[in-house]
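Counting convention: from 1, in listed order, for ligands and their atoms alike.
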Amino acid sequence: MTAAAAQQGTTHQGILDWVTEVAELTQPDDIHWCTGSDEEWVQLTDFLVGTGTFIRLDESKKPNSFYAASDPIDVARVEDRTYICSRDERDAGPTNNWMDPDAMKELMRGLYAGCMKGRTMYVVPFVMGHLEAEHPMFGVEITDSAYVVASMRVMARMGSHVLRKMEELEAAGTEFSWVPALHSVGHPLAEGEDDVAWPCNETKYIVQFPEERMIWSFGSGYGGNALLGKKCYALRIASVMARDEGWLAEHMLILKLTSPEGVVKYVAAAFPSACGKTNLAMLQPTIPGWKVETLGDDIAWMRVGEDGRLWAVNPEYGFFGVAPGTNEHTNPNAMRTIAKGNSVFTNVALTEDGDVWWEGLENPPARATSWKGEPWTPDSTELSSHPNSRYCTPIKQCDILAAEYDDPRGVPIDAILFGGRRRDTIPLVFEARDWTHGTFLGATLSSETTAAAVGQVGVVRRDPMAMLPFIGYNAGDYFNHWITVGKENDAAKLPKIFYVNWFRRDDDGNFVWPGFGENSRVLKWVVERIDGQAAAVETPIGHVPTPESLDTDGLDMSAADLAKCLEVDAEEWKAELPQIQEWFDKFGDDLPGVLWTELDGLRARLEG
Ligand SMILES: O=C(O)CSc1cccnc1C(=O)O
Ligand SMILES: [Mn+2]
């Protein structure tokens with residue numbers, strides 16, 4: 001299958017050739033070219049209700065919305081089955097699984113052979129980012145999952161208008177390419193065999209071929225494994241494009257912060273999976289007069305503009321947010337967005353009156369059906385919803401969506417926040433000394449693992465720029481790319497870099513910082529630092545707020561607890577040094593020397 005070659009031909013013929021090749025291999029019963037129309041949504045959702053994959057929710061509760069429960073073997077991203085199959089193993093680097101691309105293709109052709117028998121092959125033309133962008137980032141996903149098509153319609157700009165745009169560009173002789181993204185649940189149906197509610201396969205492969213800008217996925221129907229525009233394209237493939245073309249594809253939210261005086265700042269923030277990006281992206285400030293609007297909660301593409309500033313767009317068209325913990329206190333804006341319907345809820349609980357519920361949501365139902373299909377009550381010892389259960393909801397429904405979301409140029413970022421989930425060591429917020437030091441902070445970011453990926457939860461791991469599962473190439477080269485962006489551009493125009501940690505705990509294990517809307521106080525300090533108005537203490541790790549420089553008016557917190565939030569414990573940081581050394585040793589000569597210099601500087605300042 002020469003998808004890359006298919007990209008070179010005329011678009012329509014190129015796509016047709018690729019679709020033909022895939023159909024010959026996978027042998028679907030029929031082929032459906034997705035239009036993205038409302039009529040198609042109705043056909044798809046009716047079909048999914050018919051197969052038992054979808055349960056239609058009550059129109060008065062969540063209009064035009066559906067419930068799905070996955071197979072328990074298919075509930076999250078499968079990092080151990082995710083591969084970067086670069087030609088040279090070195091280019092995958094020590095943080096990625098690698099296999100020789102030809103060997104992987106051989107293996108997966110064996111899996112794809114006949115895998116779509118009894119099913120429909122859907123061809124999904126889509127674009128990540130704006131169709132009106134200077135260089136639209138096209139993709140075509142082939143999938144045998146109607147659930148994936150329905151979810152892609154929420155998460156990406158998809159359908160006939162995308163194909164027409166490609167044809168227009170082709171007619172105008174304008175150069176462009178498209179990413180072929182092949183997906184199968186890996187569950188062929190024999191003649192007359194009924195489908196299961198959640199078809200998938202014990203064997204899963206989520207594979208990126210970076211030089212070919214191509215994605216092959218097999219065996220999972222869930223989230224980032226199957227909605228290939230998201231993690232596979234907009235991060236893993238896009239990060240390789242960004243390395244080659246001089247921009248950044250990052251795991252970041254984008255928000256717009258407006259002060260009471262009307263001063264606007266744009267902030268991007270990289271937190272590991274399920275560490276609060278969506279909540280921060282839609283923050284409802286507790287400090288009077290401050291306003292947050294969102295542009296995105298998960299992915300940011302950032303390019304240096306002619307003005308030397310870093311301009312960010314959100315390439316996605318929807319939210320695929322963690323449901324548990326989302327409620328009127330933690331994220332009222334998400335709740336209002338979801339309430340408008342047009343959403344797909346996966347692995348949450350289904351209530352008897354045709355609504356959904358999850359842990360942390362107000363008003364637990366007296367009885368419900370859990371994501372495992374079992375009777376559930378508030379007294380159940382089992383969870384109603386999987387910790388990685390998700391809502392999939394159109395971004396346009398968000399009341400605080402910034403108008404700039406629709407601007408193909410994006411917004412100029414003033415501050416980048418790196419954040420993790422650490423119970424100790426990392427203070428509430430501190431500012432990097434400069435871009436290189438900020439890159440060091442990003443490269444050494446650490447966080448307790450979450451349920452967004454299969455594996456143990458709560459283990460502290462290094463998660464550089466919160467991109468560990470999403471860097472499409474050698475992470476040492478990725479760090480060097482960040483360093484280069486700083487070197488090749490005017491530092492005064494680039495965003496200032498900060499490190500935040502909402503999750504510090506006291507000796508009894510309780511969170512010291514209230515978080516959620518109160519995080520607006522940290523954002524205020526950040527923008528006031530940018531404007532040279534907020535005080536800070538110079539510490540071995542960076543610039544930490546003086547207690548007085550944080551706006552604590554109305555904050556129910558003792559001075560001792562605030563001091564605890566801001567504490568820099570030299571012994572805790574000295575304990576980080578060998579961990580950072582061990583992390584950096586993984587990269588050998590691929591690690592930029594300036595990062596070793598930063599580590600030496602930190603050590604010297606701590607021991608000074
Ligand atoms: O893709 C999944 O199955 C869950 S992981 C996820 C989903 C949406 C946004 N981010 C993530 C992530 O792991 O970062
Ligand atoms: Mn994410």
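Ranked by closest heavy atom to atom 5 (S) of ligand 1, the top entry among M155, H251, R77 is R77.
If you check which protein heavy atom lies closest to atom 12 (C) of ligand 1, you get S273 OG, 3.1 Å. The closest protein non-hydrogen atom to atom 7 (C) of ligand 1 is R390 NH1, 3.1 Å.
Between the side chains of S384 and E359, at least one donor-acceptor pair of N or O atoms lies under 3.5 Å.
Taking the six-membered ring wherever Trp is involved, the centroid distance between the rings of Y67 and W357 does not fall below 6.0 Å. Taking the six-membered ring for Trp, Y499 and F430 have ring centres closer than 6.0 Å.
Among the heteroatoms counted here (N, O or S) of D298, OD1 is the one nearest to the Mn ion (ligand 2).
A salt bridge links K396 with D406: at least one charged nitrogen is closer than 4.0 Å to a carboxylate oxygen. Salt bridge status for K231 with E79: absent, with no side-chain N to carboxylate O gap under 4.0 Å.
Nearest heavy atom pair, residue L235 against residue H251, reads CD2-N, 3.8 Å. W301 approaches A234 most closely through the heavy-atom pair NE1-O, 2.8 Å.
Using a 4.0 Å cut-off between heavy atoms, N225 makes no contact with ligand 1 at all.
Of all the atoms in ligand 1, the ones that sit under 4.0 Å from a non-hydrogen atom of G224 are 1 (O), 2 (C), 3 (O). Counting atoms of ligand 1 from 1 in the listed order, those under 4.0 Å from a heavy atom of K231 are 6 (C), 9 (C), 10 (N), 11 (C), 12 (C), 14 (O). Taking every heavy atom of D298 and a limit of under 4.0 angstrom, the matching atoms of ligand 1 come to 9 (C), 10 (N).
Within the 4.0 Å heavy-atom shell around ligand 1 one finds K230.
At least one N/O/S atom of K231, from backbone or side chain, sits under 2.8 Å from the Mn ion (ligand 2).
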